[in-house]
Amino acid sequence: MAEKLGVYICEGCDIGKSLNVDELVEYAKKSKLANICPVVKKGAVLCSPEGKAEIEADIAAEGLDGVVLCACSPRVKWDIFQFGQAVQVERVNLREQCVWSFKEDANVPGQLPLIAKDYVRMGMMKLSKSRIPAPEVPETFQTIMVLGGGSPASMPHSKPPRSARTWSWSRRPPPWAARPRPCTSPSP
Ligand code: SF4
């Protein structure tokens, strides 16, 4: 599980114009996960070189193993928001799923900040429960029998990996193949 989180709230792309970002920062600082979030801050443009450099500096200084980026959709800027295999990244989509898509209802005002707070809280909680999965390497067969493959020189695509034990049946049977035995049972 991610144990030291950094929470960053972007002000770019209308987020800062539509939401009180300082209030969101305070909300994250006072949440029940605040004890595992040594860094909670806003950024003017998180995807800029300066914005990314600031996050990287916090990761190095605080030993963060997870960052919650409250900005745009994870479908964009994914190539920028990568901080190495030891740091998990959670993208909270305040842009497309909040400020760009929600229209305040005059009869029920004040919904937008509540939606944003929910998203931020959910992103923090999700990352606090996430872990980097250990790769599962399946056991595979190391012996390959090629039937009718011709010589490797004539069919280079049939060439097996060096580690594989192979035998071409077109030349002679492999030593581990069952050899025909003479029939010893009496004739009917
Ligand atoms: S991180 Fe996303 S929301 Fe923030 S300025 Fe860049 S594109 Fe816009």
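Here, residue 1 is the first one in the sequence, and each next residue gets the next number. Note that ligands are numbered from 1 as they come in the structure, with each ligand's atoms numbered from 1 the same way.
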* Who are the salt bridge (Lys or Arg N to Asp or Glu O under 4.0 Å) partners of Asp65, not counting sequence neighbours? -> none

* To do: Check whether Val92 and Val76 end up in the same hydrophobic cluster, where Ile, Leu, Val, Met, Phe, Trp and Tyr are linked by side-chain heavy atoms less than 4.5 Å apart.
  => no

* **Atoms of protein origin (N, O or S) under 2.8 Å from atom 8 (Fe) of ligand 1** => Cys13 SG

* For the pair Glu96 and Arg75, find out whether any cationic side-chain nitrogen is under 4.0 Å from an anionic carboxylate oxygen. => no

* Which residues satisfy the salt bridge (Lys or Arg N to Asp or Glu O under 4.0 Å) test with Lys117, sequence neighbours excluded? -> Glu23

* Looking at Arg95 and Asp14, does any basic side-chain N land under 4.0 Å from a carboxylate oxygen? -> no

* Val87: hydrophobic cluster co-members (side-chain, 4.5 Å) -> Tyr8, Val39, Leu46, Ile55, Ile59, Leu64, Val67, Leu69, Ile80, Phe81, Phe83, Val89

